[in-house]
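Counting starts at 1 for both ligands and their atoms, in listed order. FYI, the numbering just counts along the sequence from 1. Please read all numbers here as calculations on a predicted model, not as lab measurements.
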Amino acid sequence: MNLDRINEIIDRYGADRTASLAVLQDIQHEYNYLPREALELAAQRLDMSIGEIYRMATFFGAFSLQPKGEYICRVCLGTACHVRGGQRILEALERELGIKAGQTTSDGKFSLEAVRCLGACALAPIIVVNEDPHASMNSDKATRLIAKLAGGKVKPAGAPTTG
Ligand code: FES
């Protein structure tokens, strides 16, 4: 792990503990999760206990302590998306990837998440892959998208990881 990168993030906020949430957000954005070494360094430099940092990291649902896949696929199950087939899309992707929502494929390629309203109900049903929204989805379109991202064919590789 490149601790220089973590130091840069902390320096960006003047190593000010009142900016600890922003520091964690930036680390999460950089690595897609909060690596243990990064949390230890942040605690030390922000003059916080490791317990305080972990409490913050586990309190906010947007943070993950587990590594995420290269592609994080979020399926909206908010009301508008749910009534237009969001659950069927999620189940199709679970079958395609061989994992459940909340898990990551063992090759580290995909993480699958079920989320609440993404604030784009007019585009329902919607899935977001990393930062890219995909509107008016259905099961076929979603599995084709995943296959394309996987380079043609999705093949579940062994046991998934949870996180
Ligand atoms: S319910 Fe899916 S974007 Fe609002």
Side-chain angles (χ1 to χ4, degrees), residues 5-6 9-10 12-13 18-36 38-39 42 52-163:
R5 188 73 195 103
I6 305 298
I9 290 171
I10 296 168
R12 190 182 301 156
Y13 296 96
T18 64
S20 53
L21 185 58
V23 168
L24 294 190
Q25 284 173 325
D26 285 6
I27 295 171
Q28 167 94 22
H29 189 258
E30 181 86 14
Y31 295 95
N32 275 337
Y33 80 112
L34 299 174
R36 181 178 51 81
L39 290 179
E52 285 176 296
I53 280 281
Y54 267 96
R55 269 195 295 282
M56 188 176 283
T58 52
F59 180 78
F60 294 100
F63 293 136
S64 172
L65 297 176
Q66 300 294 328
K68 296 279 186 179
E70 178 185 351
Y71 296 106
I72 302 174
C73 183
R74 298 186 170 93
V75 181
C76 182
L77 294 183
T79 304
C81 290
H82 185 77
V83 299
R84 293 183 197 162
Q87 183 66 38
R88 283 195 298 279
I89 293 171
L90 177 63
E91 288 166 4
L93 293 181
E94 287 179 337
R95 280 193 302 277
E96 184 76 7
L97 294 168
I99 58 174
K100 295 288 184 191
Q103 295 182 326
T104 298
T105 55
S106 59
D107 63 2
K109 191 94 174 169
F110 293 96
S111 293
L112 185 59
E113 297 179 355
V115 296
R116 292 296 161 194
C117 182
L118 291 162
C121 305
L123 306 176
I126 186 170
I127 70 175
V128 175
V129 180
N130 293 347
E131 308 293 322
D132 299 330
H134 298 269
S136 304
M137 293 303 279
N138 58 39
S139 302
D140 285 347
K141 285 204 266 186
T143 51
R144 278 202 303 273
L145 172 66
I146 292 301
K148 188 174 157 201
L149 294 173
K153 193 170 178 196
V154 177
K155 213 170 189 187
T161 59
T162 301

- Item | For R55, all residues meeting salt bridge (Lys or Arg N to Asp or Glu O under 4.0 Å), sequence neighbours excluded | none
- Is the backbone of I72 close enough, under 3.5 Å, to the side chain of S111 for a donor and an acceptor to pair up by distance? no
- Note on the structure: Here the side-chain hydrogen bond (donor to acceptor under 3.5 Å, both in side chains) pairs for residues 23-34, sequence neighbours left out, are R5-E30, R12-D26, Y13-D26
- Item | Pairs touching residues 72-92 that satisfy side-chain hydrogen bond (donor to acceptor under 3.5 Å, both in side chains), sequence neighbours left out | R74-E113, Q87-E91
- Residue and atom names of protein N/O/S atoms that fall under 2.8 Å from atom 4 (Fe) of ligand 1: C117 SG, C121 SG
- Looking only at heavy atoms, the pair that brings P125 and C81 closest together is CA-SG, 3.7 Å
- Note on the structure: Only one of V128, V129, I126 passes side chain to side chain contact (heavy atoms under 4.5 Å, CB included) with H134, and that residue is V129
